[in-house]
Amino acid sequence: MKGWMGKLKVFSLLGFLTFALAGCGKENLSALMPKGYSAHTSMKLIILTAVIMTFVFLVVMVVYVIVLLRFRKKKGQEDYIPKQVEGHVGLETVWTIIPIILLLVIAIPTTIATFDLADDADASKQINVDVTGNQFWWHFNYTGDKVQTSQDLYIPTGKTVYLHLKSSDVIHSFWVPALAGKIDANTENTNTMKLQADEEGVYWGKCAEFCGDSHSLMDFKVIAVSPDKYDKWIKDMKNFKPDQKPETAAAQEGKDLFKDKNCMGCHAIGSSPIQTAPNLTDFGNRTKLAGVKEPTKENIMKWIQDPESMKPGNKMTGKYPSVSKDEAEKLAEYLMQLKPSDVTPKSVSK
Ligand code: CUA
């Protein structure tokens, strides 16, 4: 009896947590609140499958309860065995055909959707972005416009953007739940997926394949802006001059330090063949730092001085001579003013 009560308590707790945690999560980070074509397609399949499964569950439960009540041993009945129906042709046929029909009802739309979402026939007429997964950040290369960025991917609302994904190290998985299903970034081949957003907003992305120490910190954002704003963003990014003089003296000193400390050995500012570390062109407009932290000056300084404490296993740790607090502050000042465009995540978040 005691063990039974214990189990009941555990199940009650799990049940409670299921309902309590179902309310957690961030806006624009749910496949159940689709905001783009691929996500809507997935949602229709989720609903279809859930309805069929619920129907099957209810039918099985109803039959189960009826059988349980009707064929139970009644008072005075000794050694009662109900009529045996093993090998009954009618019943066997019915419960073979019904599941086949139900599976076909699920399989046909799923197959059609799979081919639809994989169809890249018009890719050459649309925006194409080469996406590279790295431990533990994402790189975005707008091949048609020679614009590069990392971590924040800008797309125009209503338009289809084709992403061509690969990885520079291990397998990662690109997932923006509110916009589309997940797709692997592999080292040996390029996978293509469509991305489209109905409305402006900042959509959270996650790496969905365990890839090392900081897998859970490999977050990124998709920033959907109106087509006009997107055109402006591309233009601003293209016009950005990495050499332009920062406005403040501290930022200028930071710019010199950026050069002296050889940060440019790995990081590029502006479009560049260097893609070994995140591109910092629009760092001042980034939504997050180190995947999930707020990009405050204090956090940026901490990141520069002790990156391992913020993103374990990252490749910057131990890469440059130590940086004093004063130097870190100047570097932060320089990085924070890298704002090529006024089309920013802030300008679209509600
Ligand atoms: Cu990249 Cu997990």
Side-chain angles (χ1 to χ4, degrees), residues 21 24-32 36 38-39 42 117-118 128-143 148-155 161-195 197 202-224 266-268 274-283 286-295 299-300 303 306-319 345:
L21 295 176
C24 292
K26 297 183 176 82
E27 204 192 344
N28 290 337
L29 181 61
S30 172
L32 302 179
S38 303
S42 300
L117 296 183
N128 286 267
V129 183
D130 284 350
V131 179
T132 311
N134 307 273
Q135 285 172 315
F136 300 96
W137 56 282
W138 295 92
H139 186 74
F140 306 113
N141 189 357
Y142 295 71
T143 40
Q148 288 182 39
T149 177
S150 297
Q151 294 297 82
D152 285 356
L153 170 72
Y154 286 73
I155 63 167
V161 177
Y162 284 88
L163 306 181
H164 309 279
L165 297 105
K166 57 184 177 33
S167 165
S168 73
D169 37 46
V170 298
I171 300 172
H172 304 275
S173 181
F174 185 93
W175 192 29
V176 191
L179 297 184
K182 52 187 88 159
I183 193 162
D184 276 3
N186 300 323
T187 51
E188 67 276 12
N189 71 307
T190 301
N191 283 334
T192 297
M193 76 180 288
K194 288 190 241 197
L195 204 64
V202 178
Y203 299 90
W204 284 61
K206 305 288 283 182
C207 176
E209 179 83 42
F210 180 71
C211 56
D213 294 12
S214 286
H215 153 71
S216 64
L217 302 175
M218 200 172 154
D219 287 21
F220 60 98
K221 303 285 180 304
V222 172
I223 293 133
C266 300
H267 292 281
I274 297 172
Q275 294 174 22
T276 43
N279 184 297
L280 303 175
T281 309
D282 61 344
F283 186 87
R286 287 265 192 89
T287 44
K288 295 284 172 190
L289 174 77
V292 296
K293 297 274 198 312
E294 289 309 313
N299 279 341
I300 297 170
W303 168 247
D306 185 12
E308 198 63 14
S309 69
M310 295 182 91
K311 205 182 231 186
N314 80 85
K315 292 187 176 150
M316 191 159 87
T317 301
K319 273 281 160 60

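Counting starts at 1 for both ligands and their atoms, following the listed order. Note that the coordinates shown come from a computational prediction; the quantities given were computed from them, not determined experimentally. Sequential numbering from 1 along the given sequence is applied to the chain's residues.
Within Glu209, O is the N, O or S atom that lies nearest to atom 2 (Cu) of ligand 1. Of all the N, O or S atoms in His172, the one closest to atom 1 (Cu) of ligand 1 is ND1. His215 contributes ND1 as its N, O or S atom closest to atom 2 (Cu) of ligand 1.
A donor-acceptor contact under 3.5 angstrom links the side chains of Asn134 and Ser168, judged on distance only. Side chains of Asn189 and Asn191: a donor-acceptor N/O pair is present below 3.5 angstrom, by distance only. Side-chain contact, Asp282 with Thr149: a donor N or O sits under 3.5 Å from an acceptor N or O. With 3.5 Å as the limit, one finds a donor-acceptor pair spanning the side chains of Thr317 and Glu308.
Between Gln148 and Thr281 the shortest side-chain heavy-atom distance does not fall below 4.5 Å.
Rounding to 10 degrees, one finds that atom 2 (Cu) of ligand 1 sits at the corner of an angle of 120° between Cys207 SG and Cys211 SG.
Residue contacts to atom 1 (Cu) of ligand 1: Met218 brings an N, O or S atom closer than 2.8 Å.
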